[in-house]
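Notes follow the structure.
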Amino acid sequence: MFTTIDTHVAGEAFRVVMHSSISLLNESLESAEHKLQGNYENEKNLLLNEPRGHRGMHGCMIMPSQIADYRLLFFNHSDVSDFKYEGLITTITALLETGNLKKNADDVYKIETTNGVYSVKVAIENQEVRAVRVENMFSVLNEQHPDYSSVTIDEDRTYFIFPLPDTIPGIQLENLANLSRWGLEQTIKLKEENIVFDGVILTESTATTPNEVRTITFEKDGYILRSPGIDSTCAVFESLLGSSVKVEALTNTSVFGSKLTAKLVSAPTNQFSVEAEAFVTGMNQFIFDQDDPLKDGFLLA
């Protein structure tokens, strides 16, 4: 049996595993990550695909840590990054709001991941988390081409950023079919050229409001990210700074209307902070049955 807390940040859903039959407690973090990613396919698929198919669901597994408030491991669908800053926000929110983590006096919490130990600052009132602030490590502009730019976040995840083509009127829901077709074509093209990437970002901005953009992010399989994306927001910010656009903050609005704002923390390394609120949407209990002919769950078309 698995017990989970479901959460979302700006529309991006995360399933936080609180109780599990997967035994990783006596493993080092690297060994636990390797074991989780290389095994338990049926269990992970059940958690990601039920109830009845959700490609946008991300999995988070909570474990005790000797150097931080807790360990966090990710498990995701194929073609999805193994690390999400949003996971830091959703897990700390779920743990605090359900009483599974004691409130710290300074409201600063450390989260151990395979990418390092991250500190998050929490604004909490009456056991309700109002906001969580996270900072990326740094970002690098790899290439600034007239037709696109390429940015790597934390030496780990690379995004290709394109301006809105003339063939699409705008990043609006009424243009979703054209946007989806464009995104799928771009991800297929990058794969065919054997280019390593974690996402493709389409941007829409105006000269009058350089600190505001609309974006849509496509993951490696062409799936549309439900939120503006913290990585995406930082990547677009880095691209703007690389093209000599001087702004201290950038607000990114998704095609679905949700927003994230990044602020410049450190100019030399182009480090950014993002503050966002997560929402606990429910709790689930799952039973893994080896005899179930659909034990992996299933995605609806």
Side-chain angles (χ1 to χ4, degrees), residues 12 79-81 84-85 136-262 264 267 269-272 274:
E12 192 170 3
D79 286 332
V80 179
S81 172
K84 294 269 186 176
Y85 276 106
N136 73 313
M137 292 181 178
F138 54 89
S139 56
V140 175
L141 179 64
N142 304 316
E143 188 177 4
Q144 190 83 48
H145 190 273
D147 297 328
Y148 66 88
S149 58
S150 170
V151 172
T152 297
I153 304 295
D154 301 340
E155 293 187 329
D156 183 52
R157 304 171 301 280
T158 298
Y159 297 86
F160 284 83
I161 304 166
F162 295 83
L164 187 72
D166 295 335
T167 54
I168 302 177
I171 298 179
Q172 306 288 344
L173 281 177
E174 55 264 31
N175 303 316
L176 193 57
N178 288 335
L179 290 166
S180 298
R181 191 178 305 111
W182 181 93
L184 185 59
E185 290 173 354
Q186 291 299 325
T187 56
I188 290 174
K189 180 180 178 182
L190 289 173
K191 285 183 176 180
E192 289 177 344
E193 295 175 0
N194 295 318
I195 295 175
V196 176
F197 72 102
D198 292 271
V200 171
I201 307 169
L202 189 61
T203 63
E204 180 183 11
S205 59
T206 65
T208 56
T209 56
N211 61 333
E212 295 181 7
V213 296
R214 293 185 70 88
T215 71
I216 182 169
T217 299
F218 303 91
E219 296 188 291
K220 287 185 283 189
D221 60 355
Y223 181 83
I224 295 175
L225 196 67
R226 294 301 179 96
S227 82
I230 292 177
D231 267 8
S232 298
T233 303
C234 294
V236 172
F237 205 156
E238 171 71 25
S239 178
L240 288 175
L241 294 176
S243 60
S244 300
V245 176
K246 302 302 180 184
V247 292
E248 297 295 321
L250 178 72
T251 297
N252 180 12
T253 302
S254 78
V255 67
F256 301 106
S258 54
K259 296 183 179 182
L260 290 172
T261 297
L264 182 62
T269 58
N270 285 351
Q271 185 181 19
F272 309 108
V274 176

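Nearest approach of F197 to I195, heavy atoms of both residues: CD2-O, 3.3 Å. When every heavy atom of V196 is checked against every heavy atom of F160, the shortest pair comes out as O-CE1, 4.0 Å. Across D147 and P163, no two heavy atoms sit closer than the pair O-CD, 3.3 Å. Heavy atoms only, all atoms of each residue included: L264 and F237 are closest at N-CE1, 4.0 Å. The two residues T187 and F218 make their nearest non-hydrogen contact at CG2-CB, 4.2 Å. Minimum interatomic distance between R157 and Y85 (heavy atoms only, all atoms of both residues): NH2-CE1, 3.3 Å.
Inter-residue side-chain proximity for L173 and N175 is flagged as unmet; no heavy-atom pair is nearer than 4.5 Å. Side chains of S149 and L141 form a contact here, defined as non-hydrogen atoms less than 4.5 Å apart. Inter-residue side-chain proximity for T167 and N178 is flagged as unmet; no heavy-atom pair is nearer than 4.5 Å. Within the 4.5 Å cutoff, the side chain of E212 has no heavy atoms near those of the L250 side chain. For the pair D79/E219, no side-chain contact is recorded, criterion being any heavy-atom separation below 4.5 Å from C-beta on. The shortest side-chain heavy-atom distance between I224 and L176 falls under the 4.5 Å cut-off. A heavy-atom distance below 4.5 Å is not found between the side chains of L202 and V200.
Proximity of a side-chain donor or acceptor of N136 to a complementary backbone N or O of F272 within less than 3.5 Å is detected. Between the T209 side chain and the N211 main chain, no donor and acceptor come within less than 3.5 Å of each other. Listed for the D198 side chain is no donor-acceptor partner under 3.5 Å among the backbone atoms of Y159. Put simply, the side chain of S258 never gets that close to the backbone of S254: no donor and acceptor are under 3.5 Å apart. In this structure a side-chain-to-backbone donor-acceptor pair under 3.5 Å is present from D221 to Y223. The main-chain N or O of K220 is found under 3.5 Å from a side-chain atom of K191 such that the two form a donor-acceptor pair. Between the side chain of E238 and the main chain of V151, no donor-acceptor pair closer than 3.5 Å is present.
Within 6.0 Å of CD on E155 lie no more than 12 heavy atoms contributed by other residues, nucleotides or ligands.
Side chains of S150 and E143: no donor on one and acceptor on the other come within 3.5 Å. Side-chain N/O atoms of T203 and S205 include no donor and acceptor closer than 3.5 Å. For N270 and S139, the side-chain atoms include no donor-acceptor pair closer than 3.5 Å. In summary, the side chains of T215 and S232 do not present any donor paired with an acceptor at a separation below 3.5 Å, with no hydrogens or angles considered.
For the side chain to side chain donor-acceptor pair (under 3.5 Å) test, no residue two or more places apart in sequence or in another chain qualifies with T253.
Taking the six-membered ring where tryptophan is involved, the planes of W182 and F162 are perpendicular, since the angle between them exceeds 60° and thus also 30°.
The structure places NE2 of H145 at 14.5 Å from CD1 of I161, a figure rounded to the nearest 0.5 Å. Here the CD1 atom belonging to I153 is positioned 5.5 Å from the SG atom belonging to C234, to the nearest 0.5 angstrom. Of the inter-residue distances, the one linking L225 atom CG with K84 atom NZ reads 5.0 Å to the nearest 0.5 angstrom.
A side-chain contact (heavy atoms from CB on, under 4.5 Å) with T217 holds for exactly one of V236, I201, T233; it is I201.
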